[in-house]
Structures are given as structure tokens and as C-alpha cells.
Amino acid sequence: MFWTPTAPDSAWADDPRTPALVHEHHVRAAAARGPGHVDPAWIGVSFAVGRAGRHQIGAAISAWLRAHEHLRSRLVPAPGRCVRRTLPACAVTLRQEDIGVFADGASVRRQIEAFFDRNAHPLGWPHVVFATVEDADGTTVFAGADHGVMDGYTLAMIPGQIRDALAGRAEDLTGPTYLDFGAEERNLIGRMPAGPEHTAPWRTLLGDTRGGTPAFPLPLGASEAPDTQRSAYRWLLDGPAATRFAAASHAGGGTTAAGLLACLALAAARVSDERHLSVISLANARPDKWRSAPGWFVGLHPVRIPAAPRADFAGTVTLAAAELRRRGPGPGSSLPHISRMLRREIHPKFVVSYLDVRRVPGTPPRPRDTMLRSRIHSPAEVYVWLTRSDRGVHLSARFPDTAVARANLGRFIQAAAYAAIRAADGHRAAEALPTPA
């Protein structure tokens with residue numbers, strides 16, 4: 001089944017709230033490419049809801065959509081700006097489409113991917129659509145959304161919120177929403193002190209790459225053509241090992257995020273001639289009062305961590321922790337603001353993101369909840385997502401689909417996994433040592 005939010009044209013009303021910088025940039029970039037340009041950029045999540053009836057699922061999805069006003073809003077590009085228009089909650093309904101019965105999962109996957117490609121996009125509305133698949137085990141819900149209205153943190157909240165709606169548990173959604181954030185963001189940026197301390201780390205990082213952004217430290221074998229990207233997935237650490245790894249990171253003065261960046265730095269030193277891990281980091285940049293609000297609250301931060309082939313984890317995690325403490329999360333770290341601050345467009349190529357889904361507010365995700373993303377075309381981009389959950393630490397990556405990139409990403413991921421396992425096992429060995437009298 002496909003589920004598409006709908007609303008009458010007459011229900012839309014002008015909304016004076018200023019859009020968030022990153023959402024406005026996202027929409028204006030899509031408008032500049034033109035309607036003939038098709039390169040999907042959606043993200044999504046799938047999750048099981050058990051033996052729920054179609055009426056129950058439709059009611060839960062409708063309640064969820066009506067509760068989040070930024071999903072009932074859209075930006076309309078206009079000369080020099082974007083105009084916001086918003087729907088009242090009562091105007092939103094769901095159109096159901098029964099697609100049919102399929103004999104294998106691959107056919108279903110292709111149907112859902114094509115549906116998301118057609119419907120979850122920056123221009124127009126809706127920004128999020130749903131599919132459900134019923135089988136002998138119950139129903140699985142798939143949500144696909146334009147990246148402009150959601151980040152990974154938001155995706156991690158969706159399964160719990162819809163399961164709560166199915167169970168009749170009302171969610172307290174009082175407080176500011178992502179639509180209130182735009183004006184607040186501009187006020188916060190306007191009060192930020194301007195000085196070299198904000199631009200120097202970026203200029204250092206960009207200077208190291210001769211004016212570009214950091215690239216993956218090994219060849220990708222990519223051409224000038226926009227290569228299709230492929231994905232790689234690996235569990236780096238199981239639950240107990242992740243706990244030991246966190247303790248080892250803490251012993252070095254860092255967090256799990258710092259420890260994982262240290263492992264990537266050690267991996268870069270092990271498999272390449274690089275003596276620094278130079279990368280752009282993505283991080284949750286929600287101010288506290290938006291902690292539970294869905295939206296796209298993502299900050300970009302320059303990261304440069306020294307490492308040598310024989311460096312140890314303890315020393316490297318200390319350097320990584322210092323690097324994370326130096327960077328400042330918050331609204332001043334959005335891509336359009338950084339580009340404006342540096343007076344040049346920033347096009348990230350090598351990016352690392354860390355998300356701890358155990359910290360997501362509300363009902364926590366379940367082990368089989370799975371994040372999704374659309375196919376991407378790029379000859380040079382490498383994105384690495386590191387996710388901490390009760391099950392451990394998981395790595396997901398996308399990169400150009402070439403034989404060279406497949407081999408070199410494999411080497412890099414293997415080296416990072418080796419560093420993480422060694423750090424976790426080393427901490428277990430240290431705990432086993434007898435305490436001196």
C-alpha cells in the first residue's frame with residue numbers, strides 16, 4: 001500500500017515565519033537545477049508495527065502528520081527569497097493506493113524506491129510519503145522524506161512516535177517547532193561574535209586541501225561523470241564491546257564519538273600516507289528547546305586529527321576529544337552560514353556523522369528499525385555514518401561505485417574496525433589486571 005498526504009489547494013495559507021537557512025538553501029538549489037533535473041535526495045526509515053489493521057495504520061500516520069506542522073508546510077521559491085505556506089492540521093488527509101501482491105522482496109523494494117523517488121522531493125508537497133508491506137509476520141511501515149525537512153535524529157524518532165500513536169498514547173508536542181526555528185536561528189547568528197576564531201579552523205582545513213574540501217584519503221577511481229554511488233554496511237562493535245570501547249574512550253578523555261574519530265584517523269594513517277584525518281563532521285545541532293522537534297538541525301564542523309602509522313588509540317582519542325571540544329555546535333554551523341562566513345561555497349566531499357539513537361527522546365528505536373536513503377550520483381563523495389545503539393556501533397557508508405573505491409573503502413573500513421576492536425579488547429585486558437596493593 002502507498003499512502004500519500006493530500007490537502008485542498010484552498011487550505012494553504014501564507015505563513016510569515018522565516019525559513020531555516022539550510023532548508024531555504026536546499027529548496028533554492030533544487031529550484032535552480034530546474035524541474036527537468038532528477039536526482040532523488042530523500043532519506044527514510046522502515047519499522048515493523050505488528051498485526052495492525054490498515055485503518056489503524058492510516059489513523060496513526062494521519063495523527064502523526066497533523067501533529068508536526070513543519071510537515072504541513074512548504075517553501076515556494078520566489079526572486080531572492082522563499083515564501084512559506086502552511087496547512088491547518090484538519091486539512092490533511094491520506095490517499096491510499098493498493099499496489100498489489102508480490103512474490104519477492106526485491107520487487108517490493110523497487111516499487112517503494114520508485115515511489116519515494118517520484119514523491120519525496122524539495123519542491124511541492126508532500127515532503128514525506130509512506131508505504132506499508134503486509135506479510136505473514138505483520139506490517140512494516142516505510143517512510144520516505146525529502147532531506148530538507150528531516151535529519152537522521154528525526155528519522156530515529158519516527159518509529160516510536162507512530163507506534164505510540166497506534167497504541168493510543170498521546171504525545172506532548174507543546175513547545176516550538178522547526179517552523180519557529182528559522183527566525184530564532186537568524187537572531188542567534190546575528191548575536192554571534194564575528195572573528196577569526198570562527199573561520200580559522202575552516203580556513204586551515206580548506207588550506208590543507210588547496211582550496212577544496214577534504215577528500216577521502218585513498219583513490220576512488222572516479223571519472224568526471226557523476227558516478228552512481230553504492231553502499232557498505234558493517235557492525236564495528238557488538239553491545240558489550242561498544243560499552244568497553246566507550247570506557248576506553250573516556251579513559252583517554254573523550255566520548256564514544258571522539259573514540260570513533262580516533263579509529264578513523266588511525267585507519268587513514270594505516271592505509272594511506274596521510275598524517276592527519278581531515279574530514280567534515282556532521283553533528284546534531286539542536287538547541288535544547290528543540291530537542292524533541294523533528295526537522296533538519298545539522299551542523300558542519302571541520303575536523304583535523306593528527307595520526308601516524310604507529311600511533312596508539314589512547315593518544316589519538318585525546319587529540320580527537322580536543323578537536324570536538326574546539327568545534328561549536330549550534331545554528332552557526334549550518335552549511336549556508338559557513339559558506340557565507342567564508343565568502344565561498346562549501347561542497348563537502350568526505351563526511352563523517354555520528355548518532356547515538358539511545359539518546360533520542362520518546363519511545364526508543366527497536367533493533368530492527370532501519371534507516372534508508374536514496375541512490376546518489378557523485379564521482380568524489382564519501383559519506384560515513386556511525387550509529388551507536390544498544391546493539392553496538394554500526395557503520396554505513398556511500399561512495400562511488402568503482403572497483404578502486406570498493407577496494408579502498410573496504411581497506412579503510414577494515415582498518416577502522418580493527419582499531420575499534422583493539423581499543424575495546426585493550427580496555428577489557430586492563431580491567432582484568434590486578435589492582436596494586
Side-chain angles (χ1 to χ4, degrees), residues 201-224 226-234 236 249 254 257-283 300-313 315-324 326-327 346-354 376-386 393-423:
W202 279 104
R203 297 194 188 281
T204 298
L205 192 75
L206 301 180
D208 286 348
T209 54
R210 298 181 179 87
T213 55
F216 185 69
L218 290 170
L220 299 171
S223 65
E224 293 301 317
D227 294 309
T228 301
Q229 295 228 314
R230 71 176 295 143
S231 296
Y233 307 93
R234 174 163 179 160
L236 298 184
S249 301
L260 291 170
L261 281 173
C263 290
L264 297 183
L266 293 170
R270 185 181 180 91
V271 303
S272 75
D273 294 329
E274 297 293 335
R275 293 297 176 264
H276 291 84
L277 174 72
S278 295
V279 67
I280 291 176
S281 169
L282 298 183
L300 275 64
H301 307 281
V303 171
R304 191 172 183 271
I305 302 170
R310 298 184 183 277
D312 64 0
F313 175 79
T316 309
V317 75
T318 300
L319 296 172
E323 185 75 350
L324 293 188
R326 181 180 58 77
R327 74 185 193 186
I346 298 298
H347 301 285
K349 293 194 294 288
F350 183 28
V351 177
V352 173
S353 172
Y354 173 74
I376 299 292
H377 295 80
S378 172
E381 289 181 0
V382 175
Y383 275 61
V384 176
W385 292 272
L386 298 160
V393 175
H394 184 262
L395 180 148
S396 173
R398 66 169 173 86
F399 52 92
D401 189 7
T402 68
V404 173
R406 289 195 296 272
N408 284 336
L409 260 293
R411 292 173 59 204
F412 179 77
I413 293 170
Q414 179 66 27
Y418 173 79
I421 293 167
R422 189 173 181 185

Nearest heavy-atom pair of [X] and [Y]: which atoms, and what distance?
X: Ala265; Y: Ala307; answer: O-CB, 3.5 Å
X: Leu264; Y: Ala416; answer: CD2-CB, 3.9 Å
X: Val404; Y: Pro219; answer: CG1-O, 3.4 Å
X: Leu236; Y: Ile421; answer: O-CG1, 3.8 Å
X: Val351; Y: Pro348; answer: CG2-CB, 3.6 Å
X: Ala232; Y: Ile413; answer: CB-CD1, 4.2 Å

Spacing of [X] atom [atom1] and [Y] atom [atom2] [to the nearest 0.5 Å]:
X: His377; Y: Asp401; atom1: NE2; atom2: CG; value: 10.0 Å
X: Ser249; Y: Leu260; atom1: OG; atom2: CG; value: 6.5 Å
X: Leu220; Y: Gln229; atom1: CG; atom2: CD; value: 9.0 Å
X: Tyr233; Y: Trp385; atom1: OH; atom2: CH2; value: 8.5 Å
X: Ser278; Y: Ile305; atom1: OG; atom2: CD1; value: 9.0 Å
X: His301; Y: Leu205; atom1: NE2; atom2: CG; value: 13.0 Å

Does the side chain of [Y] come within less than 4.5 Å of [X]'s, by heavy atoms?
X: Arg230; Y: Arg406; answer: yes
X: Pro201; Y: Pro302; answer: yes
X: Leu386; Y: Ser353; answer: no
X: Phe350; Y: Leu277; answer: yes
X: His347; Y: Glu381; answer: no
X: Tyr383; Y: Ser396; answer: no
X: Ile280; Y: Pro214; answer: yes

* Asked: Is Arg270 positioned over the aromatic face of Phe412, cation under 6.0 angstrom from the ring centre and no more than 45 degrees off axis?
  -> no

* Quick one: which of Val384, Val382, Ile376 gives a side chain to side chain contact (heavy atoms under 4.5 Å, CB included) with Phe399? -> Val382

* Are there more than 12 heavy atoms of other residues, nucleotides or ligands under 6.0 Å from atom CZ of Arg422? -> no

[X] side chain vs [Y] backbone, donor-acceptor pair below 3.5 Å:
X: Arg411; Y: Val271; value: yes
X: Lys349; Y: Thr213; value: yes
X: Thr316; Y: Ala262; value: no

* Short N-O contact, Arg304 and Glu323, less than 4.0 angstrom -> no

